[in-house]
Amino acid sequence: MLAYECYKAKEDMKLNCDSSAKIVMQNKNLGLEELRFLLKTIVSSGIGEETSCPRNIIEGRNPTPADELCEMDGIIFDTLDKLFARPTSISPSQIDILVVNVSMFSPAPSLTSRIINRYKMREDIKTFNLSGMGCSASLIAIDVVQNLFKSYKNANAIVVSTESIGPNWYCGKEKSMMLTNCLFRSGGCSMLFTNNRGLKHQAILKLKHLVRTHIGSSDEAYDCCIQAEDESGYQGFRLTKHLTKAAALAFTMNLQVLVPKVLPLGEILRYLAVSRLKSAKSQKLKADEGVGLNLKNGIEHFCIHPGGRAIIDGIGKSLGLSDYDVEPSRMALHRFGNTSAAGFWYALGYMEAKQRLKKGNRILMSGFGAGFKCNNIVWEVLKDLDDANVWKDCIDSYPPKTLVNPFMEKYGWLNDEYLSFLRLDFSQLFAQL
């Protein structure tokens, strides 16, 4: 990797506590029970007041085709403009491979065609559009580039990762489909890669290992994270109770392949010995007795996809990570929300802005996607990194003293039991905000 650039939305797209409440109250299908559910979810989501969303959502109107393209253009062209402005000596005409991943939006002409038209790229460029791949799609896109590099020598590639939020806002009241509204926010990233050894001195990261696991053959796993319509005909993204089980299975299967590649033999032998002892005694050892693999013997930094507090905490606990280890992912979620496949790079940017990344360090990126899939990448840091990037104006204020969203402080009265008998027109409740 030569460089990457993350998207930072303009001020008029900010989604703070009051604007969030106004958007929620525009949904006339919500009753008191649904509002209480949203209140609890927003407060405990790990998301702060600096995230952003498309203008059509803030303005409370259905998106037009022009809105959908404008959302994508704003993110993609902003990050690519900044990427080409970097001192990497790579211009649009020197790009050989272009991969774009947007799961929920696939226009014609394609998004890669819009990029080629905008930057007047060469006619022999190899382009790929990935859709429906979920939150780990940028890692899949990198795998595509890695395999193409085996056939194309001295090539340059760009990967663009973002998600279409505007046309996919859920307007119904099914709780399992309301969660995405609470978590997903506007974001994106463009990355520049090369296999030209003459540019090695400019590189910041080197891909060491990439392991992909797909358990979509299981109906339960396939259905646990799926786009669908609710009983009233509203389209959204349904997250079922089987999601955690599918994630645990896919993650375990992935690590079985990855771990031998990154950990020293001594750590693996220690783990096998302790596991055999545990089996022989036929009893569970306590978590603090060190049964699990110590990935820190092979990895210095952990970049967990900031998809939600439960995901970050769950992976952190399963890997025995400290608060310091999961801080970049928690802060990326708090500042930018779940930006789908772009989320990894906001967390990586946090590490870089905090000057944690030193030459020779290894970074593990872990993410999940609908289908159901788990993808892990290990990078090697090629030089000390200290670019403040998208965190430049706020890195000194992170981590904040608390990650609790102030939504409860303002709207906690929705939990009052004496309101249970009321039937209110909530669409008018916050009309003056």
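Positions are given from 1, in the same order as the sequence printed here.
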Open item on the list: Can you confirm whether more than 12 heavy atoms, excluding those of Lys383, are under 6.0 Å from its NZ atom?
Closed with: yes
Open item on the list: How long is the straight-line distance from CD of Gln235 back to CG of Asn168, given to the nearest 0.5 Å?
Closed with: 7.0 Å
Task: From Lys208 atom NZ to Trp379 atom CH2, the distance as rounded to the nearest 0.5 Å - done: 12.0 Å
Open item on the list: Taking atom NZ as the centre, does Lys245 end up with more than 12 heavy-atom neighbours from other residues, nucleotides or ligands that are less than 6.0 angstrom away?
Closed with: no
- [ ] Could you tell me whether the side chain of Ser164 and the main chain of Met104 form a donor-acceptor pair under 3.5 Å?
- [x] no
Open item on the list: I need the Cys135 SG to Asn338 CG distance, nearest 0.5 Å.
Closed with: 4.5 Å
TODO: Taking Ser45 for its side chain and Ile47 for its backbone only, find out whether a donor-acceptor pair lies under 3.5 Å.
DONE: yes
TODO: Say whether, by atom type as modelled, one donor and one acceptor occur between the side chain of Glu34 and the main chain of Lys175 under 3.5 angstrom.
DONE: no
TODO: Evaluate the criterion side chain to side chain contact (heavy atoms under 4.5 Å, CB included) for residue pair Glu220 and Phe372; output intermediate values, then yes/no.
DONE: CA-CA 9 Å; Glu220 189 177 271; Phe372 188 83; over 6 Å; no
TODO: Enter the distance from Cys6:SG to Phe344:CZ here, rounded to the nearest 0.5 Å.
DONE: 12.0 Å
TODO: Take Phe84 and Tyr119, measure what ring-ring contact (aromatic ring centres under 6.0 Å, His included) needs, and give me the verdict at the end.
DONE: CA-CA 10 Å; Phe84 288 129; Tyr119 296 100; 5.2 Å; yes
- [ ] Just do the salt bridge (charged side-chain N to carboxylate O under 4.0 Å, His left out) check on Asp96 and Arg122 with the steps written out, would you?
- [x] CA-CA 8 Å; Asp96 304 284; Arg122 299 198 319 266; 2.7 Å; yes
Task: Which atom of Thr79 lies closest to which atom of Gly188, heavy atoms considered - done: CG2-O, 4.1 Å
Open item on the list: To the nearest 0.5 Å, what is the distance between CZ on Phe368 and SG on Cys374?
Closed with: 4.5 Å
TODO: Please tell me if the side chains of Leu179 and Tyr170 come closer than 4.5 Å, counting only heavy atoms from C-beta onward.
DONE: no
- [ ] For salt bridge (charged side-chain N to carboxylate O under 4.0 Å, His left out), just list the numbers for Lys22 and Asp18, CA-CA rounded to whole Å, side-chain angles, deciding distance to a tenth of an Å, and then say yes or no.
- [x] CA-CA 6 Å; Lys22 188 174 182 179; Asp18 287 338; over 6 Å; no
Open item on the list: Counting only heavy atoms not in Glu231 (residues, nucleotides, ligands), do more than 12 fall under 6.0 Å from its CD?
Closed with: no
Task: Cation-pi, Tyr324 ring and Arg356 (6.0 angstrom, 45 degrees) - done: yes
Open item on the list: Using side chain to side chain contact (heavy atoms under 4.5 Å, CB included), reason through Val102 and Glu163 one step at a time and then give a plain yes or no.
Closed with: CA-CA 5 Å; Val102 179; Glu163 190 53 271; 3.6 Å; yes
Open item on the list: Heavy-atom count check: over 12 atoms from other residues, nucleotides or ligands less than 6.0 Å from Arg86 CZ?
Closed with: yes
TODO: Please examine the side chains of Leu263 and Leu295, heavy atoms only from C-beta on, and report whether any two atoms are closer than 4.5 Å.
DONE: yes
Open item on the list: Checking the side chain of Asp78 only, and the main-chain atoms of Ile76 only, is there a donor and an acceptor separated by less than 3.5 Å?
Closed with: no
Open item on the list: Quick check: closest heavy atoms across Asn101 and Ala137, and the distance to 0.1 Å?
Closed with: ND2-CB, 3.4 Å
Open item on the list: Restricting to non-hydrogen atoms, name the atom on His209 and the atom on Lys261 that form the minimum distance, rounded to 0.1 Å.
Closed with: NE2-O, 3.4 Å
Task: Heavy-atom closest pair, residues Leu333 and Gly308 - done: CD2-C, 3.7 Å
Task: Full working for salt bridge (charged side-chain N to carboxylate O under 4.0 Å, His left out) between Arg362 and Glu380 - done: CA-CA 5 Å; Arg362 288 146 299 182; Glu380 179 185 349; over 6 Å; no
TODO: Look up atom CD in Glu68 and atom CD1 in Ile165, then write down how far apart they are to the nearest 0.5 Å.
DONE: 12.5 Å
Task: Check against side-chain hydrogen bond (donor to acceptor under 3.5 Å, both in side chains), Asn297 and Glu267 - done: CA-CA 7 Å; Asn297 281 333; Glu267 171 59 22; 3.0 Å; yes
Task: The single option from Ile215, Thr244, Asn254 passing side-chain contact (heavy atoms from CB on, under 4.5 Å) against Leu249 - done: Ile215
Task: Check: Lys373 and Arg212 side chains under 4.5 Å, non-hydrogen atoms - done: no
Task: Residue among Lys14, Lys8, Arg335 satisfying side chain to side chain donor-acceptor pair (under 3.5 Å) with Glu50 - done: Lys14
- [ ] Salt-bridge test for Arg118 and Asp73: reply yes if a basic N is under 4.0 Å from a carboxylate O, no otherwise.
- [x] no
- [ ] Could you walk me through whether Arg330 and Asp313 pass salt bridge (charged side-chain N to carboxylate O under 4.0 Å, His left out), step by step?
- [x] CA-CA 9 Å; Arg330 284 177 177 167; Asp313 293 349; 3.0 Å; yes
- [ ] Mind running side-chain hydrogen bond (donor to acceptor under 3.5 Å, both in side chains) on Glu59 and Asn56 for me, showing each step along the way?
- [x] CA-CA 5 Å; Glu59 295 169 5; Asn56 72 277; over 6 Å; no
Open item on the list: Can you confirm whether Phe105 is buried at CZ, in the sense that more than 12 heavy atoms of other residues, nucleotides or ligands lie under 6.0 Å from that atom?
Closed with: yes
Open item on the list: If you compare all heavy atoms of Thr213 against all heavy atoms of Asn375, which two are closest, and at what distance to 0.1 Å?
Closed with: N-OD1, 3.9 Å
Task: Pairing of Lys296 and Asp325 as salt bridge, 4.0 angstrom limit - done: yes
- [ ] Check Ala341 against Ser138 and note the closest heavy-atom contact, atom names and distance.
- [x] O-OG, 2.9 Å
TODO: List the steps, then state whether side-chain hydrogen bond (donor to acceptor under 3.5 Å, both in side chains) holds for His242 with Asp223.
DONE: CA-CA 8 Å; His242 301 298; Asp223 291 328; over 6 Å; no
Task: Atom CE of Met253: over 12 foreign heavy atoms under 6.0 Å - done: no
Open item on the list: Would the distance check show the side chain of Asn195 and the main-chain N or O of Tyr152 forming a donor-acceptor pair, the cut-off being under 3.5 Å?
Closed with: yes
- [ ] Please determine which of Trp391, Phe336, Tyr398 meets the ring-ring contact (aromatic ring centres under 6.0 Å, His included) test together with Tyr346.
- [x] Phe336
Task: side-chain hydrogen bond (donor to acceptor under 3.5 Å, both in side chains) between Ser176 and Glu174, intermediate numbers included - done: CA-CA 6 Å; Ser176 63; Glu174 185 176 318; 2.8 Å; yes
TODO: Check step by step if side chain to side chain contact (heavy atoms under 4.5 Å, CB included) holds for Ile115 and Val100.
DONE: CA-CA 10 Å; Ile115 293 172; Val100 174; 3.7 Å; yes
Open item on the list: With a sphere of 6.0 Å drawn around NZ of Lys358, does it hold more than 12 non-hydrogen atoms of other residues, nucleotides or ligands?
Closed with: yes
